[in-house]
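Bear in mind that the values here come from a model prediction, so they are computed numbers and not experimental data.
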Amino acid sequence: MDRQQILDLYEWRPGICFRHPAKGEVPTAVVGVIHPRADGEQEVRACEDCVIGMEDIRREQARRAGSEYRPGPDGGAQQ
């Protein structure tokens, strides 16, 4: 899959990337949820570059483990 095909698997909306907050509001996708003790549930959002970087890491982990790599937000649930 190419970059755009992977990005198309995610749902995008304006938000703040957890790794690049100085960029301000950019297109982001939910990549996780945290549960701070005093603040309920909060989404962790990532920009396109960060999503692709995380997908690259997951692809490499799958390759090393000899397992199938499945891109997209649900692909991480296989681990």
Side-chain angles (χ1 to χ4, degrees):
M1 289 187 116
D2 69 17
R3 176 185 171 97
Q4 190 58 54
Q5 289 172 314
I6 292 171
L7 293 174
D8 288 345
L9 297 172
Y10 288 83
E11 186 175 322
W12 298 91
R13 73 168 210 230
I16 304 295
C17 177
F18 79 102
R19 291 189 67 199
H20 302 107
K23 285 184 177 180
E25 195 169 82
V26 296
T28 60
V30 174
V31 294
V33 176
I34 58 173
H35 302 275
R37 196 175 295 180
D39 202 11
E41 183 176 282
Q42 291 187 348
E43 295 177 337
V44 177
R45 303 190 71 81
C47 66
E48 293 178 357
D49 289 339
C50 288
V51 167
I52 292 299
M54 288 184 279
E55 287 289 343
D56 289 344
I57 290 167
R58 287 188 26 233
R59 182 184 303 111
E60 179 61 18
Q61 288 173 334
R63 185 193 66 76
R64 288 183 182 185
S67 60
E68 180 185 358
Y69 163 67
R70 294 186 311 211
D74 296 329
Q78 71 185 357
Q79 297 174 1

J.: Give the minimum heavy-atom separation between F18 and A46, together with the two atoms involved.
T.: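 Closest heavy-atom pair between F18 and A46: CE2-CB, 3.9 Å.
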J.: Hey, any chance V26 and V31 share a hydrophobic cluster, counting ILVMFWY side chains that come within less than 4.5 Å of each other, even indirectly?
T.: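 No, V26 and V31 fall in different hydrophobic clusters.
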J.: To check you understand the geometry: which heavy-atom pair defines the closest contact between A29 and V51, and what is its length?
T.: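 Closest approach of A29 to V51: CB-CG2, 4.4 Å.
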J.: Who pairs with E41 by side chain to side chain donor-acceptor pair (under 3.5 Å), at least two apart in sequence or on another chain?
T.: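 Applying side chain to side chain donor-acceptor pair (under 3.5 Å) to E41 gives none.
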J.: Please examine the side chains of K23 and C17, heavy atoms only from C-beta on, and report whether any two atoms are closer than 4.5 Å.
T.: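 A side-chain contact under 4.5 Å is absent here.
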J.: Hey, is CD on E11 packed in by over 12 heavy atoms from elsewhere, all under 6.0 Å?
T.: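 Counting neighbours around CD of E11, 12 or fewer heavy atoms of other residues, nucleotides or ligands fall under 6.0 Å, so no.
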J.: Where the side chain of Q5 meets the backbone of D2, is there a donor-acceptor pair that is under 3.5 Å apart?
T.: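 Present.
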J.: The test is side chain to side chain contact (heavy atoms under 4.5 Å, CB included); show your working for H20 and C50 and say whether it passes.
T.: CA-CA 9 Å; H20 302 107; C50 288; 3.1 Å; yes
J.: Quick one: does T28's side chain have a donor or acceptor within less than 3.5 Å of a partner on R13's backbone?
T.: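 Checking the backbone N and O of R13 against the side chain of T28, a donor-acceptor pair under 3.5 Å is found.
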J.: According to the side-chain hydrogen bond (donor to acceptor under 3.5 Å, both in side chains) rule, which pairs have a member within residues 46-56, sequence neighbours left out?
T.: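 Qualifying pairs, neighbours excluded: R3-D49, Y10-E55, E55-R58, E55-Y69, D56-R59.
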J.: If you look at every heavy atom in E25 and I16, which pair is closest and at what distance?
T.: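 Between these two residues, the closest heavy atoms are N-CD1, 3.6 Å.
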J.: List for me each residue that meets side-chain contact (heavy atoms from CB on, under 4.5 Å) alongside P36, sequence neighbours excluded, and say none if there are none.
T.: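 Per chain and number, P36 pairs via side-chain contact (heavy atoms from CB on, under 4.5 Å) with I34, D39, Q42.
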J.: Ignoring hydrogens, what is the shortest heavy-atom contact between V30 and R45? Give both atom names and the distance.
T.: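 So the two residues come closest at CG2-NH1, 2.8 Å.
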